[in-house]
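As structure tokens, the structure follows; a few thoughts come after it.
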Amino acid sequence: MPRGTRACISSARHSRRESWTSPAIQAPTSCGAKGRSPWARLRRNRHGRNWWCVRPSRTLMRKCFQEWSREMRTLVSELPGVVGSTVTLSGWVHRIRDLGGVSFVVLRDRSGMGQLVFDAKPDVTVESVIEVHGSVAANEKAPGGVEVRVQSMRVVSPAALDLPFPVNQDPGKTSLESILDNRMIALRNPSILSIFRLQSTILRCFAEYLRGLDFTEIKTSKLIGTGTEGGTGLFSVDYFDTKVYLTQSPQIYKQTMIAAGLERVFEIGPAYRAEKHDTPRHINEFISLDVEMAFIESEQDLMDLETGILAAIFAGVRASNQKDLDAWKATVPDPELCARIPRVSHDEAKEIVSKETGKKVYEISPEGERALCDWAMKTAGVEAVFVFAYPRKSRPFYTYPAENNRTKSFDLLFRGLEVTSGSMRINRYDMLMENLQAFDLNPEGLKDYLSIFKYGCPPHGGFAIGMERLTQKILGLASVKEATLFPRDRKRTRP
RNA sequence: GGGGGCGUGGCGAAGCUGGUUAUCGCGCUGGCCUGUCAAGCCGGAGGCCGCGGGUUCAAGUCCCGUCGCUCCCGCCA
């Protein structure tokens with residue numbers, strides 16, 4: 001057994017403390033589709049015991065919405081259940097197949113695609129939005145066994161003929177440039193759209209898992225007067241008569257809220273990095289899944305927490321996004337295996353890379369990161385590995401130091417890419433002041449930040465998961481830009 | 001910041017050592033076709049070969065510059 005799994009499995013250390021690892025390998029509350037009320041667990045959960053007092057009746061909410069939507073239309077996915085009846089469908093014309101005496105139109109709506117049958121070629125163009133009225137018939141020859149014989153059709157919004165992007169074709173045959181240049185239209189492509197359906201599950205499961213552990217969600221400002229990490233890589237913005245910067249991380253605000261007494265916080269928000277890299281794994285604006293937690297003992301506790309988050313996300317994606325995974329021929333790791341993600345120190349990682357690649361390494365390069373994940377797959381059956389105890393010089397000043405000039409920090413590498421970076425933070429004022437000197441930083445510019453520690457702050461730490469990178473790696477996409485709705489890179493600020 | 005590769009109709013590509021009207025698939029369009037499911041068959045439209053300059057009798061092809069894209073490395077989520 002890899003030594004890193006110790007922290008997850010041994011319970012001796014955790015039993016006397018609050019546990020956050022126990023739900024690690026269970027699907028988050030509403031991700032499990034077992035027929036039980038998604039609120040059942042919360043009702044038993046001490047943190048959610050009063051949910052019915054503050055929420056309108058769920059039955060009432062569901063009833064209002066269903067009655068409203070039932071009047072609107074039938075969804076394509078509902079057709080097999082309403083064979084024999086007359087329905088109204090609305091959606092986009094995905095494809096037209098005209099065979100002379102009969103024409104087939106593939107209609108696309110948010111639930112999927114279904115076949116419409118016309119006696120003659122209908123007067124519509126691909127991608128037009130239509131509303132049709134017709135009878136639902138079972139037919140062996142129809143895709144999915146059901147089709148709608150159209151009695152009347154209304155073109156709700158016609159589409160021009162010069163479609164700039166092949167919406168109804170395999171996006172694998174289209175260049176990234178064309179996908180991004182025509183982003184508005186490219187997003188209609190079902191495979192491309194599926195990326196963002198899956199991404200939504202990641203967001204949901206991340207938040208639900210943490211809420212279940214008594215984390216409080218916060219939203220902080222993305223504008224800041226000065227940078228905390230030396231001022232490099234910050235975008236400046238005109239702010240009335242002065243200049244401010246876009247934050248590269250919510251770091252200081254997360255820590256502020258820890259010290260303010262929330263103890264456990266998370267934030268989902270954009271982070272900005274004004275760095276001129278031009279690679280398939282960098283964008284200048286990304287969504288950071290940020291977590292911070294008080295009363296931890298080391299970075300091992302943070303890895304425990306992230307293990308649980310990953311398991312919740314993988315379980316949720318498996319439960320909700322099988323079609324989206326299929327569209328990219330992708331698989332998510334078994335949530336049960338997350339507890340076996342190896343944990344290796346930075347020094348051990350270098351040794352492993354040297355051994356695996358057959359060449360001596362002094363720093364872990366992207367090639368080394370790929371080698372480490374391959375190694376993890378071989379030894380533990382998961383394509384992920386935690387690397388901890390990074391040298392002091394490679395980590396920011398607020399990282400908690402450890403013996404031998406190491407730090408209480410870690411990264412998570414998943415399928416060959418760094419998706420998380422985190423650490424325990426220095427929470428003692430005197431220690432922080434010493435470290436500022438060592439990093440040659442001026443305490444004057446960090447006055448607000450330092451006040452957190454001057455007046456008492458519990459031991460704590462946190463990490464950030466790159467949402468787009470995680471999405472990219474789950475689906476096996478070639479570039480992080482594909483996993484970004486409207487990517488902002490060195491050259492691109494449109495659409 | 002350093003180093004590769006690529007720009008050819010709306011999309012994806014071919015065009016080898018320079019040589020006549022620039023080719024193919026998808027899409028679009030006209031025609032035929034009552035069971036398609038990437039429908040099929042016959043016809044058609046659509047390109048100053050990224051842009052600027054040079055070499056040459058002759059440049060999509062060679063050279064220089066420029067813009068754009070893409071990949072690897074540094075660094076990072």
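Every value quoted in this text rests on a predicted model; they were computed, and no experiment measured them. Just so we're on the same page: letters track the sequence lines, and every chain starts at 1.
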Centre of A:Y398's six-membered ring, under 6.0 Å away, within 45 degrees of the axis: is that where NZ or CZ of A:R425 sits?
no
Tell me the interatomic distance from [X], atom [atom1], to [N], atom [atom2], rounded to whole angstroms.
{"X": "A:D119", "N": "B:rU34", "atom1": "CG", "atom2": "C1'", "value": "9 Å"}
{"X": "A:F104", "N": "B:rG35", "atom1": "CZ", "atom2": "C1'", "value": "4 Å"}
{"X": "A:N189", "N": "B:rA38", "atom1": "CG", "atom2": "P", "value": "15 Å"}
{"X": "A:I96", "N": "B:rA38", "atom1": "CD1", "atom2": "P", "value": "16 Å"}
{"X": "A:D123", "N": "B:rU29", "atom1": "CG", "atom2": "C1'", "value": "14 Å"}
{"X": "A:D162", "N": "B:rC28", "atom1": "CG", "atom2": "P", "value": "12 Å"}
{"X": "A:D170", "N": "B:rA13", "atom1": "CG", "atom2": "P", "value": "13 Å"}

Are any of the side-chain nitrogens in [X] or [Y] under 4.0 Å away from the carboxylate oxygens of its partner?
{"X": "A:E267", "Y": "A:K219", "result": "no"}
{"X": "A:E468", "Y": "A:K473", "result": "no"}
{"X": "A:E367", "Y": "A:K359", "result": "yes"}

If the plane angle is over 60° it's perpendicular, under 30° parallel, otherwise tilted; pick one for A:F397 and A:F439.
perpendicular
List the protein contact pattern of nucleotides 67-77 of chain B with one symbol per nucleotide (5' to 3'): B for base contact, S for sugar-phosphate-only contact, - for none; contact means a heavy-atom distance under 4.0 Å.
-SSS-SSBBBB
Which part of the nucleic acid, if any, lies within reach of [X] when heavy atoms closer than 4.0 Å are counted: base, sugar-phosphate only, or nothing?
{"X": "A:N182", "value": "nothing"}
{"X": "A:P164", "value": "sugar-phosphate"}
{"X": "A:D98", "value": "base"}
{"X": "A:A142", "value": "base"}

Start with the C-alpha distance between A:F286 and A:Y272, add both sets of side-chain angles, then the distance that settles ring pair (Phe, Tyr, Trp, His ring centres under 6.0 Å), and finish with yes or no.
CA-CA 7 Å; A:F286 67 94; A:Y272 299 89; 8.6 Å; no
Any heavy-atom pair between the side chains of [Y] and [X] that's under 4.5 Å?
{"X": "A:R197", "Y": "A:S200", "value": "no"}
{"X": "A:P401", "Y": "A:K408", "value": "no"}
{"X": "A:T420", "Y": "A:D411", "value": "no"}

Which comes earlier along RNA chain B counting from the 5' end, the contact point of A:V126 or that of A:K173, where each point is its nearest nucleotide?
A:K173
Here's a test of your reading of the structure: between A:T125 and A:R95, which maps to the more 5' nucleotide of RNA chain B?
A:T125
With pairs taken as Watson-Crick or G-U wobble and both distances under 3.5 angstrom, which stems of at least three consecutive pairs involve RNA chain B?
B:1-7 with B:67-73, B:10-13 with B:23-26, B:28-32 with B:40-44, B:50-54 with B:62-66
Selected nucleotide, minimal atom distance to A:L161 side chain, candidates B:rC26, B:rC28, B:rG12
B:rC28
